[in-house]
Amino acid sequence: MKTFKFGISPCPNDTFIFENFITGKIEIPDVNFEWEYHDIQVLNEKASAGYFDLVKISFAHLDNVTNRYNLLSCGGAMGYGVGPILVKRNGHIFDIAQARCAIPGMNTTAHFLLSHFYPALSQKEVVLFSDIEDQVLTGEYDLGLLIHEGRFTYADKGLELVADLGELWQKLEQLPIPLGCIVAKNDISLETVHNIEDAISRSISNFDHNGTPVISDFIRSHAQEMELDVIRQHIQLYVNDFSVDMGDKGLAAIERMREIKSNQRVH
């Protein structure tokens, strides 16, 4: 029996996708997993150190770890209307060149998109994603880059949309937004990786006959935002056909991101 250390985020899309693994409803012959839950910034950092055998990382961080990991075709977060959003306090006036912005991580796709669309914004600091809304509300930062359930909660908390970076990406590129992916250590056999991919695709099945995700106590116990409607919206947005198989459009989106990053380095 091989035991692999697997890192995911505690966010509803990840716990929804992998719940059947974690609770033992889906098993892979001769394979066992030890699970850890971390914020995406921590997952990216631990992937850089080679800490996990399998791990959820930002697509924007993928090229930084290809010496250790191979990309899986499923289990990630990608799609349309799923991008990060840039927010400010209601009525707050700022100069983009002087503004201080809280971001969820330097190697995140969110930061990649922010740098791409707002190159003049240079004062950026990493803040735990679940704390960003409050930090902007208190005036600690002029702007906040929100991911995950922040898309559904910012307006009720007194924040105002500056830009939907995912929407900007989609208008320009006509491609899905590659947010997060699952990678596996490159010393894991191809047969084992294929078995894991097949099991992940089969595990994304906890929808009722109306296509509504079933929200278990397990998912709620890990969620930052406990409102059921928010959890449900989160899963319905981030768990989709690209989670089952990213396909040609997904691969095209990854390649386009690589091209943009390469041009940014050249300039």
Side-chain angles (χ1 to χ4, degrees), residues 6 8-22 25-26 37 40 43 54-62 71-85 104 108-110 112-113 129 146-153 164-184 196-216 218-220 222-225 227-257:
F6 204 140
I8 61 174
S9 83
C11 297
N13 59 307
D14 281 359
T15 52
F16 180 84
I17 288 173
F18 292 101
E19 179 180 6
N20 285 332
F21 280 86
I22 297 166
K25 293 178 182 177
I26 285 183
Y37 309 90
I40 189 61
L43 292 173
L54 296 106
V55 59
K56 169 79 169 287
I57 65 169
S58 300
F59 271 110
H61 192 47
L62 179 60
L71 174 66
L72 270 62
S73 63
C74 56
M78 175 184 287
Y80 299 97
V82 300
I85 57 175
T108 59
T109 301
F112 159 76
L113 291 170
F129 78 93
L146 302 184
I147 58 176
H148 303 317
E149 55 266 37
R151 167 177 286 275
F152 310 113
T153 61
D164 184 326
L165 303 186
E167 188 175 288
L168 294 177
W169 168 270
Q170 289 168 208
K171 284 182 178 179
L172 283 176
E173 307 297 342
Q174 302 297 306
L175 288 168
I177 307 155
L179 296 176
C181 56
I182 304 297
V183 295
I196 292 172
E197 287 179 319
D198 176 67
I200 291 173
S201 295
R202 287 188 289 112
S203 75
I204 306 173
S205 60
N206 286 348
F207 292 90
D208 65 21
H209 65 279
N210 293 316
T212 301
V214 178
I215 311 301
S216 66
F218 169 79
I219 293 171
R220 294 189 69 181
H222 288 87
Q224 295 287 335
E225 173 59 56
E227 291 293 331
L228 276 177
D229 284 345
V230 173
I231 294 174
R232 188 171 292 109
Q233 289 179 74
H234 183 122
I235 294 170
Q236 288 175 317
L237 185 63
Y238 294 107
V239 181
N240 51 45
D241 289 343
F242 292 107
S243 304
V244 178
D245 185 345
M246 66 180 67
D248 292 340
K249 280 190 176 181
L251 293 174
I254 298 168
E255 186 57 35
R256 180 57 183 145
M257 175 183 284

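The first residue in the sequence is number 1, and the count goes up from there.
Shortest non-hydrogen contact noted between N240 and G79 is ND2-CA, 4.1 Å. For I147 against P84, the heavy-atom pair with the smallest separation is CG2-CB, 4.0 Å. Annotation for V82 and L237: closest pair CG1-O, 3.5 Å, computed over non-hydrogen atoms. The two residues I8 and L43 make their nearest non-hydrogen contact at C-CD1, 3.6 Å. Residues P176 and W169 come closest through the heavy atom pair O-NE1, 3.1 Å. Considering every non-hydrogen atom in both L72 and E197, the closest pair reads CA-OE2, 3.4 Å.
With T15 contributing its side chain and F218 its backbone, the two residues share no donor-acceptor pair below 3.5 Å. Distance alone, capped at 3.5 Å, places no donor-acceptor pair between the R151 side chain and the D164 backbone. At least one donor-acceptor pair closer than 3.5 Å links the side chain of N20 to the backbone N or O of S203. Here the side chain of S58 pairs no donor or acceptor atom with the backbone of G180 at under 3.5 angstrom.
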Quiz item: What's the verdict on side chain to side chain contact (heavy atoms under 4.5 Å, CB included) for V214 and E19, showing C-alpha distance, side-chain angles and the deciding distance?
Solution: CA-CA 11 Å; V214 178; E19 179 180 6; over 6 Å; no
Exercise. Check step by step if side chain to side chain contact (heavy atoms under 4.5 Å, CB included) holds for E227 and T153.
Key: CA-CA 10 Å; E227 291 293 331; T153 61; over 6 Å; no
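In this pair, H222 and Y37 present their aromatic rings tilted. The plane angle is within the 30 to 60° band. Below 30°, between 30° and 60°, or above 60°: for H148 and F129 the angle between ring planes is above 60°, a perpendicular geometry.
Between K249 atom NZ and Q174 atom CD the span is 9.5 Å, to the nearest 0.5 Å. Taking CZ of R220 as the start and CD1 of I215 as the end, the distance is 9.0 Å to the nearest 0.5 Å. The distance from atom OG1 of T108 to atom CZ of F59, rounded to the nearest 0.5 Å, is 13.5 Å. With rounding to the nearest 0.5 angstrom, the CD1 atom of I182 is 9.0 Å from the CD1 atom of I57. Rounded to the nearest 0.5 Å, atoms SG (C11) and CD1 (I231) are 11.0 Å apart. D229 contributes atom CG, which lies 6.5 Å from atom CD of Q233 (distance to the nearest 0.5 angstrom).
The closest side-chain heavy-atom distance from P12 to I219 is below 4.5 Å. At a threshold of 4.5 Å between non-hydrogen side-chain atoms, the residues N13 and K56 count as touching. Taking 4.5 Å as the limit, some side-chain heavy atom of S201 sits within range of a side-chain heavy atom of V244.
Just one residue in the list I17, D14, L179 forms a side-chain contact (heavy atoms from CB on, under 4.5 Å) with Y238, and that residue is L179.
With a 6.0 Å radius and a threshold of 12 heavy atoms from other residues, nucleotides or ligands, D245 has its CG atom above the threshold.
Ring-centre distance between F21 and F6: not below the 6.0 Å cut-off.
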